[in-house]
Amino acid sequence: MERIPLAIVGCGGMGTRHLYGLAELERASLNPFELVAVVDVDPGRAERLADEAESWLGRRRPSRCVDVRQLVKAGATAVDITTVPRFHHSLAAEAIALGLDVMVEKPVGLTIAAAQQLAREIRGSDRILSVAENFRRDPTNRLVKELIDTGVLGQPRYFHQSSGGGGNLMAISMWRHLKDESGILFDAGTHYTDMMEYYLGPVTSAYAQMRLFEPIRYNPAATGGTPASNPGGVYGQSQAAMPAEFEATAEDALYAMVNFASGAVGQYAENRAEHGRDTWARSVHGSAGAVEIPKDRSGQPLVLTLDRTHTYTGAEILPLVPDFQLDDATAALFGGGQATAYGLDFETVDRLLLAVEYAEFGSCIGSRTRPEVGLEEGLRAIAVCYAMMESGAAGGAIVTVDDVLDGSVSGYQASIDAAIEIGANA
């Protein structure tokens, strides 16, 4: 089968992680792509990723470009956009206008207005647009979805997620603490709101409190120390070049209640300024039982309790969902169609889940079918996240997701829209 000519647009940490995911597909003989080009405004970053691509993929070195418009000449027919978030919507629109199929990292837009602008610009196009949401592709999360959909939990009633950590240290990159660049609550939050709707369907409204607890953030890597977070081990060089301390303009704590169209209720707390022990909890509760869910990409097993007394862990759950089956690519990469837990480190799981995204993207291109996470799902993940944040900015008022989607409630996003030059009526 002839390979699909692909370009990676954005050669920083996320682009490197995506390359590693592509390498996992290559190693498993499942790679439908030929990486023909890498693109970055910094030629040095493009050179580095091109070198890594040649080494990791064992194929010819891709071309280096500084502009998306050069990709057609380089032979690309598909692109993977892994830049910082503020450029996602405009680069996706530009690539689709050039006739390219697109996979774009989440969030699909930095604001609702940005994502809606993308939707207008690509309306009527037959190009594929896939949004790279990897958490839902974790085999443990696939199993949770099966438990919900097959009624093992009964009627879903309650979703809970809370996490904390970080103190006053920089989380991966400086831009994750800057409101106009995608603060940490939004950057992480769009993952988690996607998970909410993946599990339990549409969220209708939210009310929340939001805080900026740590207005000054510190970066140990700038002075030779160990970074607070460096997923995949690929951010060290860039972290060392960032300031040792800087002003944070994005809030770092959010406490919310969400309402689902089904009647279920959710509780969500994200504290990225926690000075105690790092914490994590996620669970779904129904009329017949509840499932405790480990942190994404941890490889730990689910714990299912039914009727308050019968507890099942990991593979013990499988007889309750005999038809559970992972897709072919996930099964091949994670060691079987009914993988329930896997003893792999974070870096490996991160690469494998990105490989699954690539496998689906390639399949959608070949069959011209819609991806699991497209523009609609990507837009809703943004809207649910901003419903919570708009409420928090307004002191806890109830905000509907529909009002966020149509722009009726957008006060918190206004300064971001101005910074990225999105018009009020975009």
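Only a predicted model underlies this, so the values are computations on that prediction, with no experimental measurement involved. Along the sequence shown, residues are numbered consecutively beginning with 1.
- Annotation for E54: atom CD counts as buried by contact number, over 12 foreign heavy atoms lying within 6.0 Å.
- Defined by atom type and a distance below 3.5 Å, a donor-acceptor pair is present between the side-chain atoms of Y198 and R142.
- Residues V373 and R136 meet the side-chain proximity criterion, which asks for heavy atoms closer than 4.5 Å.
- Open room surrounds CG on D328; 12 or fewer heavy atoms of other groups in view lie less than 6.0 Å from it.
- Atom-to-atom distance recorded for L110:CG and I422:CD1 is 9.0 Å, nearest 0.5 angstrom.
- Listed for the E357 side chain is no donor-acceptor partner under 3.5 Å among the backbone atoms of L353.
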Decide salt bridge (Lys or Arg N to Asp or Glu O under 4.0 Å) for E24 and R27; before the verdict, give the C-alpha distance in whole Å, the side-chain angles of both, and the deciding distance to 0.1 Å.
CA-CA 5 Å; E24 291 292 340; R27 187 175 295 112; 3.0 Å; yes

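- One N or O on the side chain of N230 and one on the backbone of Y235 form a donor-acceptor pair closer than 3.5 Å.
- How far CG of L375 is from CD1 of I122: 5.0 Å, rounded to the nearest 0.5 Å.
- Listed by first and then second residue, the ring-ring contact (aromatic ring centres under 6.0 Å, His included) pairs that reach into residues 286-306 come to none, sequence neighbours excluded.
- For K106 and D194, the salt-bridge test fails: no basic side-chain N is under 4.0 Å from an acidic carboxylate O.
- Residues L100 and A76 come closest through the heavy atom pair CD2-O, 3.2 Å.
- Counting heavy atoms from C-beta outward, M196 and F260 have side chains that approach closer than 4.5 Å.
- With respect to R217 and D252, a salt bridge is recorded, a charged nitrogen being found less than 4.0 Å from a carboxylate O.
- Side-chain contact check for Y312 versus V303: every heavy-atom pair is 4.5 Å or farther apart.
- A pairwise comparison of heavy atoms in E197 and V203 identifies OE2-N, 2.7 Å as the closest pair.
- Heavy-atom contacts from other residues, nucleotides or ligands closer than 6.0 Å to CG of L318 number more than 12.
- Side-chain N or O atoms of D138 include one that pairs as donor or acceptor with a backbone N or O of R297 at under 3.5 Å.
- One finds no salt bridge joining R64 and D40 here, because no Lys/Arg side-chain nitrogen approaches an Asp/Glu carboxylate oxygen to under 4.0 Å.
- No donor-acceptor pair under 3.5 Å is formed between the side chain of T348 and the backbone N or O of L344.
- With rounding to the nearest 0.5 angstrom, the CG atom of L185 is 7.5 Å from the SG atom of C385.
- Between E26 atom CD and L35 atom CG the span is 10.5 Å, to the nearest 0.5 Å.
- Of all heavy-atom pairs between R127 and S125, the closest is N-OG, 3.1 Å.
- Across every non-hydrogen atom of F33 and Y358, the tightest pair is CE1-O, 3.3 Å.
- For A253 against N271, the heavy-atom pair with the smallest separation is CB-OD1, 4.0 Å.
- Between the side chains of Q413 and E390, a donor-acceptor pair is found at a separation under 3.5 Å.
- The minimum heavy-atom distance linking T140 with L302 is given by the pair O-CD1, 3.8 Å.
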Derivation and outcome, side chain to side chain donor-acceptor pair (under 3.5 Å), residues S163 and E270:
CA-CA 5 Å; S163 59; E270 181 76 2; 2.4 Å; yes

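- Listed for the E360 side chain is no donor-acceptor partner under 3.5 Å among the backbone atoms of P371.
- Salt bridge present: R48 and E52 bring a charged side-chain N and a carboxylate O closer than 4.0 Å.
- F186 does not carry K179 over the face of its six-membered ring by the limits of under 6.0 Å from the centre and within 45° of the normal.
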What verdict does the side chain to side chain contact (heavy atoms under 4.5 Å, CB included) test give for D350 and R17, after you've listed the backbone C-alpha separation in whole Å, the side-chain angles of each residue and the deciding distance to 0.1 Å?
CA-CA 8 Å; D350 187 56; R17 289 164 68 185; 2.9 Å; yes

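- Side-chain contact, T400 with D402: no donor N or O sits under 3.5 Å from an acceptor N or O.
- In this structure, R368 pairs ionically with D101, as a charged nitrogen and a carboxylate oxygen lie closer than 4.0 Å.
- For the atom pair OG1 of T77 and CG of L71, the computed distance is 10.5 Å after rounding to the nearest 0.5 Å.
- Screening residues 86-136 for ring-ring contact (aromatic ring centres under 6.0 Å, His included) gives F135-H191, F135-Y192 as the qualifying pairs, with residues at least two apart or on separate chains.
- For the 3.5 Å distance criterion, the side chains of H18 and T16 fail to qualify, holding no donor opposite an acceptor.
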Step by step, would you call T311 with L304 a side chain to side chain contact (heavy atoms under 4.5 Å, CB included)?
CA-CA 6 Å; T311 298; L304 171 68; over 6 Å; no

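- Q239 places a side-chain N or O within 3.5 Å of a backbone atom of S229 that can act as its donor or acceptor partner.
- In terms of modelled atom types and a separation under 3.5 Å, the side chain of T193 and the main chain of G189 share a donor-acceptor contact.
- Between F159 and R282, the closest side-chain pair of non-hydrogen atoms falls below 4.5 Å.
- Checked by atom type and distance alone, the side chain of T82 pairs as donor or acceptor with a backbone atom of V9 at under 3.5 Å.
- No side-chain heavy atom of M210 sits less than 4.5 Å from a side-chain heavy atom of M388.
- Proximity of V401 to V404: side-chain heavy atoms (C-beta onward) are nowhere separated by under 4.5 Å.
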Does the pair H310 and E316 meet the rule for a side chain to side chain contact (heavy atoms under 4.5 Å, CB included), with working shown?
CA-CA 11 Å; H310 297 86; E316 296 172 351; over 6 Å; no

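- Looking at heavy atoms from C-beta onward, P85 lies out of side-chain contact with E181 at the 4.5 angstrom threshold.
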Stepwise, does the side chain to side chain contact (heavy atoms under 4.5 Å, CB included) test hold for L22 with L6?
CA-CA 11 Å; L22 199 61; L6 173 76; 4.1 Å; yes

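- When side chains are defined from C-beta on, R69 counts as touching E94, because their heavy atoms get closer than 4.5 Å.
- The aromatic rings of F246 and H177 sit tilted relative to each other, their planes meeting at an angle between 30° and 60°.
- Of the possible donor and acceptor atoms, none in the side chain of R176 sits under 3.5 Å from a partner among the backbone N and O of I172.
- Annotation: side chain to side chain donor-acceptor pair (under 3.5 Å) contacts involving residues 254-265, sequence neighbours excluded, comprise S205-N259.
- In terms of modelled atom types and a separation under 3.5 Å, the side chain of T150 and the main chain of E146 share a donor-acceptor contact.
- With a 6.0 Å cutoff to the six-membered ring centre and a 45° limit on the axis angle, K145 does not count as a cation-pi contact of Y199.
- Inspection of the Y342 and Q300 side chains reveals no N or O donor paired with an N or O acceptor under 3.5 Å.
- Between the side chains of Q267 and Y158, at least one donor N or O lies within less than 3.5 Å of an accepting N or O.
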